[in-house]
Amino acid sequence: MSRLKLINLMLLASFLCACSQFRPFVDRRREAGAKTQASLYVGKSTPQNPAICYNALYTPYKDVKKLADEVCVKEKTGTHAVPVKQTIFTCRILVPNHLYFKCEK
């Protein structure tokens with residue numbers, strides 16, 4: 001296989017892998033080996049205040065709101081999420097927007 005074909009194949013593979021990176025997600029990760037409940041989670045999201053990372057070009061607001069509502073119901077901190085603020089370029093490169101919510105009953 002020639003270099004040009006190999007480079008094209010690698011670019012195509014990386015593009016296809018990157019397409020799945022546009023999905024919104026909750027900015028909260030577990031810290032393995034945390035000693036206390038307060039240090040268990042890392043990230044901007046808390047059970048009472050979910051923070052969602054998303055790409056505004058690919059994800060409609062209703063999908064982001066639905067994800068935040070699901071977090072509020074799952075954590076039993078409220079029945080719905082209310083948007084509080086939004087920041088840009090504070091998340092990952094392909095999903096640069098952060099939308100912060102507050103759970104309410």
Side-chain angles (χ1 to χ4, degrees):
M1 185 179 283
S2 70
R3 279 190 187 175
L4 182 60
K5 288 182 181 179
L6 184 61
I7 290 172
N8 286 337
L9 182 64
M10 290 175 67
L11 287 174
L12 179 65
S14 65
F15 178 73
L16 291 175
C17 291
C19 288
S20 65
Q21 300 301 318
F22 292 124
R23 289 182 294 173
F25 63 91
V26 179
D27 186 18
R28 185 167 104 174
R29 300 165 303 280
R30 291 178 62 93
E31 181 67 45
K35 301 280 190 258
T36 64
Q37 183 70 18
S39 64
L40 179 62
Y41 292 107
V42 178
K44 301 196 185 257
S45 184
T46 64
Q48 300 83 12
N49 301 306
I52 310 294
C53 290
Y54 73 103
N55 189 325
L57 297 175
Y58 297 97
T59 308
Y61 171 77
K62 64 180 178 100
D63 292 347
V64 177
K65 173 90 165 73
K66 181 181 174 187
L67 185 59
D69 288 340
E70 290 172 359
V71 170
C72 291
V73 170
K74 179 182 168 191
E75 297 290 336
K76 299 178 182 158
T77 55
T79 57
H80 65 282
V82 177
V84 176
K85 72 175 185 174
Q86 179 176 357
T87 58
I88 301 173
F89 302 117
T90 55
C91 211
R92 296 183 182 166
I93 291 174
L94 296 177
V95 281
N97 301 41
H98 248 129
L99 190 54
Y100 297 89
F101 290 90
K102 181 175 83 170
C103 294
E104 291 187 351
K105 293 187 180 195

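Small disclaimer: the values here were computed from a predicted structure and weren't measured.
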With side chains defined as the heavy atoms from C-beta onward, is the minimum distance between [X] and [Y] less than 4.5 Å?
{"X": "Leu94", "Y": "Arg92", "value": "no"}
{"X": "Glu104", "Y": "His80", "value": "yes"}
{"X": "Cys103", "Y": "Pro50", "value": "yes"}
{"X": "Leu9", "Y": "Lys5", "value": "no"}

Residues two or more places apart in sequence or in another chain: which of them pass side chain to side chain contact (heavy atoms under 4.5 Å, CB included) with Leu6?
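With sequence neighbours excluded, Leu6 shows a side chain to side chain contact (heavy atoms under 4.5 Å, CB included) to Met1, Met10, given in chain and number order.
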
Side chain to side chain donor-acceptor pair (under 3.5 Å) involving Gln86 - partner list, sequence neighbours excluded:
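Side chain to side chain donor-acceptor pair (under 3.5 Å) check on Gln86 returns Tyr54.
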
Considering residues at least two apart in sequence or located in another chain, which fulfil the side chain to side chain donor-acceptor pair (under 3.5 Å) criterion with Thr90?
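So Thr90 forms a side chain to side chain donor-acceptor pair (under 3.5 Å) with Thr87, His98.
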
Testing Val84, Val82, Ile52 one by one against Phe101 for a side-chain contact (heavy atoms from CB on, under 4.5 Å), which residue passes?
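Only one option passes, and that is Ile52.
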
Taking atom CG of Leu99 and atom SG of Cys91, what is their separation to the nearest 0.5 Å?
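Nearest 0.5 Å value for the CG-SG distance: 11.0 Å.
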
Should side-chain heavy atoms under 4.5 Å link Ile, Leu, Val, Met, Phe, Trp and Tyr, which residues sit in the same cluster as Ile88?
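So far as hydrophobic clustering goes, Ile88 is joined with Phe89.
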
Please list all pairs meeting side chain to side chain donor-acceptor pair (under 3.5 Å) that have one or both residues in residues 55-68, counting only residues at least two apart or in different chains.
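Of all non-adjacent pairs touching residues 55-68, those that pass side chain to side chain donor-acceptor pair (under 3.5 Å) are Lys65-Asp69.
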
Not counting sequence neighbours, which residues clear salt bridge (charged side-chain N to carboxylate O under 4.0 Å, His left out) with Glu70? List them please.
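Checked Glu70 against salt bridge (charged side-chain N to carboxylate O under 4.0 Å, His left out); zero matches.
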
Could you see if Tyr100 belongs to whatever hydrophobic cluster contains Val71? Use Ile, Leu, Val, Met, Phe, Trp, Tyr and a side-chain cutoff under 4.5 Å.
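Cluster IDs for Tyr100 and Val71 differ.
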
